[in-house]
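Note that the structure is predicted; figures quoted are calculated from it, not measured.
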Amino acid sequence: MVSAHLTLERFAENFDDAITKLKTLGLRISATRIARYRRIIAEAVAAERRGDVRHQLSPSFINAIVEASEIIDIASLRMDFLTSDAAKEKLLRISSGPEVMAPDGHDPARDYGFELSTAAKAYSNDCFVGFPSTGDLVVLPGSRPVECKRLSSVGQFERRLREARDQLDRRFRNGEPPGIIAMDFTRPLRLTHGSIVADSDDLLVDAAEKQITAFVGRNLLSTDLDKIAAESTLGILIRYLAVGTAGDPGHIRRAAVWQGFSIHPEESNENKAFLAAAAFLGPEPMRDISLSDIAYALETVPEK
């Protein structure tokens with residue numbers, strides 16, 4: 001999915017509207033990374049009015065656009081969801097942290113941002129139930145629990161996967177149905193590949209999908225998934241917020257790419273339930289990534 005095409009001026013207005021809404025809920029803006037993104041984007045709007053487009057290739061500008069787009073997504077959640085106790089606890093922390101994604105280490109602001117933006121994705125498809133006190137999210141169909149984990153590095157993968165599985169185990173023992181692990185791989189993928197330069201929107205999404213498929217082939221397939229395939233855990237969803245340009249340096253795009261990774265046998269009830277539950281991402285069916293897809297991605301996406 002590529003974000004809708006907007007002029008920079010309209011995007012800046014949407015960002016300001018999102019900030020105004022979230023400030024009423026206590027989100028701190030002054031002297032935070034969000035204030036810095038707002039300033040970078042406002043300066044770019046003023047420059048473009050003068051005909052100056054040099055900022056379009058600036059890493060700080062591209063980063064500000066991507067980060068601001070997630071804030072806009074979060075603000076799309078209905079107020080009653082955002083004012084729940086669990087949501088407010090997450091929301092009050094998303095403006096902290098460094099301007100750019102932290103290297104190896106903890107980055108709680110973006111951890112909570114991932115939870116909230118995943119909720120916004122489900123909400124946009126009429127599949128969001130709410131933020132429970134027992135964990136991260138509940139989504140339709142099936143009122144499935146979701147545990148969200150964001151990775152700063154490949155080295156965190158198995159540990160974060162086990163953490164999410166253990167959290168779903170606890171929820172399952174307390175009477176909730178089996179659920180899903182959602183993981184954000186944006187940081188390690190963007191560190192590896194940087195911005196994508198493509199000739200069109202479709203080719204940008206294509207490149208992002210190949211990058212994440214190759215990442216799966218190099219990292220997930222070597223993991224002992226038998227230890228993750230518990231009764232409480234249906235499967236794994238992986239998100240990548242790719243960023244790049246399509247056809248022209250001024251055509252900056254953010255592609256939110258999701259892929260599903262089955263951990264139960266293909267014809268099992270658990271795997272069927274996983275594919276059904278993934279419908280919270282949108283009406284388009286989850287595409288199975290085959291071993292041939294992975295092999296092709298490994299051939300065409302170099303390891304860096």
Less than 4.5 Å apart, side chain to side chain, heavy atoms only: is that true for V138 and F131?
no
Heavy-atom closest contact (F114 atom, M183 atom, distance):
CZ-C, 3.7 Å
Intermediate values then yes/no, side chain to side chain contact (heavy atoms under 4.5 Å, CB included), F280 and T118:
CA-CA 9 Å; F280 83 84; T118 301; 4.0 Å; yes
Between the side chains of S69 and R254, is a donor N or O closer than 3.5 angstrom to an acceptor N or O?
yes
T186 OG1 to I238 CD1 distance, which is reported to the nearest 0.5 Å:
11.0 Å
CG-OG1 distance between L204 and T245, expressed to the nearest 0.5 angstrom
7.5 Å
A side-chain contact here means heavy atoms from C-beta on lying under 4.5 Å apart; do V205 and E209 qualify?
yes
In terms of hydrophobic clustering (I, L, V, M, F, W, Y; side-chain heavy atoms under 4.5 Å; direct or indirect links), are I252 and V53 co-clustered?
no
Would you say that R144 contacts P177 through its side chain, given a criterion of any heavy-atom pair below 4.5 Å between the two side chains?
yes
Is any side-chain heavy atom of T24 closer than 4.5 Å to a side-chain heavy atom of M79?
yes
How close do G260 and F274 get, heavy atom to heavy atom, and via which atoms?
CA-CZ, 4.1 Å
Is the side chain of Y37 donor-acceptor paired with the backbone N or O of T32 at a distance under 3.5 Å, no angle test?
no
Nearest non-hydrogen partners of R171 and L137, listed with the distance
NH2-O, 3.1 Å
Distance, nearest 0.5 Å, that separates CD of E147 from CZ of R170:
8.0 Å
Quick check: does any side chain N or O of S262 sit under 3.5 Å from a backbone N or O of H264, one acting as donor and the other as acceptor?
no
Heavy atoms, side chains only, cut-off 4.5 Å: are R28 and K23 in contact?
no
Hey, what's the ring geometry for F81 with F128, parallel, tilted or perpendicular (30° and 60° as the breaks)?
perpendicular
Does the side chain of L8 reach to within under 4.5 Å of the side chain of H55, using non-hydrogen atoms?
yes
Between T233 (side chain) and G235 (backbone), is there a donor-acceptor pair under 3.5 Å?
no
Donor-acceptor under 3.5 Å (D52 side chain, R54 main chain)
yes
So, taking the atom named CZ in R150 and the one named CG in D111, what distance separates them when rounded to the nearest 0.5 Å?
4.5 Å
Whether the S200 and D202 side chains hold a donor-acceptor pair (N or O, under 3.5 Å, no angle test) is what I'd like checked.
no
ring-ring contact (aromatic ring centres under 6.0 Å, His included) partner of F215, the single match among F261, F185, Y240
F185
Would you call R159-E163 a salt bridge at under 4.0 Å N-O?
yes
Hey, does L189 have a side-chain heavy atom less than 4.5 Å from the side chain of T192?
no
Nearest 0.5 angstrom please: L91 CG to L25 CG, how far?
6.0 Å
E43/R36 salt bridge by N-O under 4.0 Å criterion:
no
Test your reading of the model: is there a side-chain donor-acceptor pair from D184 to the backbone of L151, 3.5 Å cut-off?
no
Would you check, one step at a time, whether the test side chain to side chain contact (heavy atoms under 4.5 Å, CB included) holds for D85 with E89?
CA-CA 6 Å; D85 289 343; E89 182 183 347; over 6 Å; no
Is it true that D107 and R110 have a side-chain N and a carboxylate O under 4.0 angstrom from each other?
yes
Do L92 and L116 land in one hydrophobic cluster if side-chain heavy atoms of ILVMFWY residues count as linked below 4.5 Å?
no
When you check the gap from the basic side-chain N to the acidic O, do R165 and D169 get nearer than 4.0 Å?
yes
Nearest atoms (heavy-atom pairs only) where F11 meets I72
CE1-CD1, 3.7 Å
So, S117 and D73: side-chain donor and acceptor under 3.5 Å apart, yes or no?
no
Minimum side-chain heavy-atom gap L140-V129 below 4.5 Å
yes
Considering non-hydrogen atoms only, spot the tightest contact between A64 and I41 and give its length.
O-CD1, 4.0 Å
Please determine whether residues L203 and V197 belong to a single hydrophobic cluster, defined as Ile, Leu, Val, Met, Phe, Trp and Tyr linked transitively by side-chain heavy-atom distances below 4.5 Å.
no
Under 3.5 Å, side chain of R33 to main-chain N/O of S96, donor-acceptor pair present?
yes
Check whether D136 reaches the backbone of C148 with its side chain - one donor and one acceptor, N or O, closer than 3.5 Å.
yes
Is there a donor-acceptor pair closer than 3.5 Å between any side-chain N or O of K90 and the backbone N or O of Y112?
no
Is there a path of hydrophobic side-chain contacts, each under 4.5 Å between heavy atoms of I/L/V/M/F/W/Y residues, joining V45 to F15?
yes
Minimal heavy-atom distance between E99 and S60, with the atoms involved, is OE2-CB, 4.3 Å
Using the side chain to side chain contact (heavy atoms under 4.5 Å, CB included) rule, take I71 and I94 through it: C-alpha gap first, then chi angles, then the decisive distance, then the call.
CA-CA 9 Å; I71 300 299; I94 63 172; 4.0 Å; yes
Can you check whether F172's main-chain N or O pairs, donor with acceptor, with E176's side chain at less than 3.5 Å?
no
K121/N125 under side chain to side chain contact (heavy atoms under 4.5 Å, CB included): CA gap, chis, key distance, verdict:
CA-CA 7 Å; K121 179 68 173 172; N125 293 304; 4.2 Å; yes
Flag, side chain of R190 to backbone of L241, donor-acceptor distance under 3.5 Å:
yes
For the atom pair CZ (R93) and NZ (K88), what is the distance rounded to the nearest 0.5 Å?
15.5 Å
Using only heavy-atom distances, determine whether the side chains of H251 and Q56 contain a donor-acceptor pair under 3.5 Å.
no
